[in-house]
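Some notes on the structure that comes next.
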2 protein chains.
Amino acid sequence: MTNNQFKRGELYSFITGKASTAIARRLQKKFNTANLNLTIEQWSVLYHLWKQDGISQQELCNASYRDKPSITRLVDNLEKLQLVKRVSSESDRRMNLIYLTGRAQKLQDQTMELANETLLEALEGVSPDRIDVCREVLQIVYDNLK
Amino acid sequence: MTNNQFKRGELYSFITGKASTAIARRLQKKFNTANLNLTIEQWSVLYHLWKQDGISQQELCNASYRDKPSITRLVDNLEKLQLVKRVSSESDRRMNLIYLTGRAQKLQDQTMELANETLLEALEGVSPDRIDVCREVLQIVYDNLK
DNA sequence: TTTGGATAGTTGTATAAACAACTATATGAC
DNA sequence: GTCATATAGTTGTTTATACAACTATCCAAA
């Protein structure tokens with residue numbers, strides 16, 4: 001490594017996302033324990049639909065930083081689980097609008113509670129101002145690279 | 001969400017690892033542009049072997065936070081690319097010791113330089129002390145959950 | 001009105017992660 | 001020494017991501 005500005009472990013951790021992987025695994029375990037039969041990736045799609053129902057697959061791509069094939073297949077699987085429904089748009093027949101089913105609406109409170117619980121466990125012992133710094137840095141990183 | 005301690009975006013970003021995903025994607029693009037024909041995951045295995053060559057698959061599991069099947073298949077693919085070789089341990093025939101090939105040794109400087117460059121781009125405009133806070137928080141998160 | 005480019009979504013293929021079930025080898029209690 | 005148990009690694013299956021190639025639809029310029 002010609003430039004030694006970063007310590008080895010720091011470089012590795014930043015690139016591999018050790019911390020966020022650990023958070024996702026913990027939340028997945030909580031989902032499994034609660035017999036929700038839902039992946040974190042599926043949950044992250046529902047997350048955007050809970051904010052705004054009936055958006056297109058392309059809007060889900062933008063919101064979740066995934067490419068179109070990824071969303072196609074996530075929606076496929078969510079449809080199999082009867083959590084969403086594809087509805088062809090009246091105004092533009094190229095688009096599918098994705099709607100939550102009643103089943104999915106019922107999942108919101110429970111899963112958000114588990115996600116919140118996971119974050120509380122993850123950030124235990126970290127002061128709010130340090131969390132703020134961390135959040136801001138990660139936002140800058142994302143903005144720098146997107 | 002019954003507990004409103006976390007802002008929505010914060011919750012989502014922490015759990016989905018938006019920032020580290022962006023870093024990994026940027027580094028992958030640099031690998032592709034340089035025609036390295038190497039995935040970030042494969043690189044992360046080589047990373048540990050550059051630190052210490054000839055360790056077992058189990059040790060690679062521990063170092064890289066992956067389960068055994070994941071390492072089996074990553075080593076499979078690295079072997080196909082002729083970047084590592086499995087050598088059955090003399091003292092314990094259950095173990096495979098993984099050794100870098102000459103080809104893999106030659107990749108170290110170039111890829112570490114690209115990784116370092118990626119981090120510099122990612123952290124542009126962030127002061128060193130804020131990077132430190134972020135690194136410490138992420139380490140605590142990992143320790144809290146592992 | 002035709003046509004060419006842009007946009008929305010799908011499909012194919014390769015790589016990877018998680019989990020369960022499996023084989024082979026080592027080790028310790030008896 | 002034998003056997004139960006633990007450890008190292010592999011294989012099968014499902015889900016997800018990335019990239020390329022594809023279809024269908026829309027729209028705007030000629």
Side-chain angles (χ1 to χ4, degrees), chain A residues 16-18 20-33 35-46 55-81 83-84 86-98, chain B residues 16-18 20-22 24-33 35-45 55-81 83-84 86-98:
Chain A
T16 60
K18 231 173 59 170
S20 58
T21 303
I23 293 175
R25 282 180 184 160
R26 173 65 62 98
L27 180 55
Q28 183 68 67
K29 277 206 181 109
K30 285 180 192 288
F31 284 2
N32 295 346
T33 301
N35 286 313
L36 292 180
N37 188 29
L38 189 71
T39 68
I40 299 304
E41 292 82 4
Q42 290 163 359
W43 173 81
S44 80
V45 171
L46 297 183
I55 61 180
S56 69
Q57 295 188 198
Q58 184 57 54
E59 286 171 306
L60 282 173
C61 293
N62 301 339
S64 67
Y65 324 111
R66 291 183 171 90
D67 66 0
K68 290 192 289 184
S70 296
I71 290 296
T72 292
R73 277 139 185 164
L74 279 170
V75 172
D76 285 349
N77 286 333
L78 285 167
E79 237 181 359
K80 275 185 216 150
L81 293 168
L83 292 171
V84 304
R86 281 181 169 95
V87 177
S88 203
S89 166
E90 295 284 316
S91 61
D92 184 342
R93 285 189 299 156
R94 290 172 304 179
M95 284 200 291
N96 293 330
L97 304 182
I98 311 302
Chain B
T16 59
K18 228 173 60 169
S20 58
T21 303
R25 282 179 184 162
R26 173 65 62 98
L27 180 55
Q28 183 68 67
K29 278 206 180 111
K30 285 181 192 287
F31 283 2
N32 295 347
T33 301
N35 287 311
L36 291 181
N37 189 28
L38 189 71
T39 68
I40 298 303
E41 293 82 5
Q42 291 163 358
W43 173 81
S44 79
V45 171
I55 61 180
S56 70
Q57 294 188 199
Q58 184 57 57
E59 286 171 305
L60 281 173
C61 292
N62 301 339
S64 67
Y65 324 109
R66 291 183 171 91
D67 66 359
K68 290 193 288 184
S70 295
I71 289 296
T72 292
R73 276 138 185 165
L74 279 170
V75 172
D76 285 348
N77 285 333
L78 285 167
E79 238 180 356
K80 276 185 215 150
L81 293 168
L83 292 172
V84 304
R86 280 180 170 94
V87 177
S88 204
S89 166
E90 295 283 316
S91 61
D92 185 341
R93 285 188 298 159
R94 289 172 303 180
M95 283 200 291
N96 293 332
L97 305 182
I98 311 301

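Letters A, B, ... mirror the listed sequences (proteins, then strands); counts begin at 1.
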Quick check: any donor-acceptor pair below 3.5 Å linking the side-chain of B:Arg66 to the base of D:dG9? no

Euclidean distance, atom NZ of residue B:Lys80 to atom P of C:dT15 [Å, nearest integer]: 6 Å

Specify the separation, in whole Å, of atom CG of B:Leu38 and atom P of C:dA14. 18 Å

Nucleotide nearest B:Asn77 when distance is taken to its side chain, options D:dA8, C:dT10, C:dA16: C:dA16

Between atom CG in A:Leu36 and atom P in D:dT15, what is the gap in whole Å? 16 Å

Specify the separation, in whole Å, of atom CG of B:Asn37 and atom P of D:dA18. 17 Å

Of all the choices, C:dG9, D:dT17, D:dA20, which nucleotide is nearest to the side chain of A:Leu74 once you look at every atom? D:dT17

Please tell me if A:Thr72 has a side-chain N or O lying less than 4.0 Å from either OP1 or OP2 of C:dT10. yes

Taking for each residue the nucleotide of DNA chain D bearing the nearest heavy atom, is the 5' side occupied by A:Glu90 or by A:Arg73? A:Arg73

Take the protein atom NZ of B:Lys68 and the nucleotide atom C1' of C:dA21, then report the distance between them rounded to whole Å. 12 Å

State whether the distance check finds a donor on one side and an acceptor on the other, under 3.5 Å, for side chain A:Arg93 versus base D:dT25. no

Quick one: pull up CG in B:Leu74 and CG in B:Leu60 and give me the separation to the nearest 0.5 Å. 9.0 Å

Side-chain contact test, heavy atoms from C-beta onward, threshold under 4.5 Å: evaluate it for A:Leu46 versus A:Leu38 and give yes or no. yes

D:dA16, D:dG9, C:dT10: which one has an atom nearest the side-chain heavy atoms of A:Thr39? D:dA16

Between C1' of D:dT7 and CG of B:Asp92, the distance in whole Å: 8 Å

Nearest-neighbour nucleotide for the B:Asn96 side chain, D:dA8, D:dT10, C:dA8 considered: D:dT10

For DNA chain D, whose closest nucleotide is more 5', that of A:Pro69 or that of A:Ser91? A:Pro69

Could you check how far CD of A:Gln42 sits from P of D:dT14, rounded to whole Å? 14 Å

Does a side-chain N or O from B:Gln57 land closer than 4.0 Å to OP1 or OP2 of D:dT7, or not? no

Per atom distances to the A:Ser56 side chain, the nearest of C:dG9, C:dT15, D:dA8 is C:dG9

For a quick test of reading the model: is some side-chain N or O of A:Gln28 closer than 4.0 Å to OP1 or OP2 of D:dT15? no

Which sits closer to the 5' end of DNA chain C, B:Asp67 or A:Ile71, going by the nucleotide each is nearest to? A:Ile71

Check A:Asp76 with A:Arg86, please: is the shortest side-chain N to carboxylate O separation under 4.0 Å? yes

Close side-chain approach of A:Glu41 to A:Ser70, heavy-atom, < 4.5 Å: no

For A:Arg25 and C:dC19, what is the distance between atoms CZ and P respectively, to the nearest whole Å? 8 Å

Flag side-chain contact, heavy atom, 4.5 Å: A:Trp43 against A:Leu36: no

Looking only at C:dA16, C:dT11, C:dC19, the nucleotide nearest the A:Asn32 side chain is C:dC19

Contact between B:Leu83 and B:Gln42 at the side-chain level, heavy atoms closer than 4.5 Å - yes or no? no

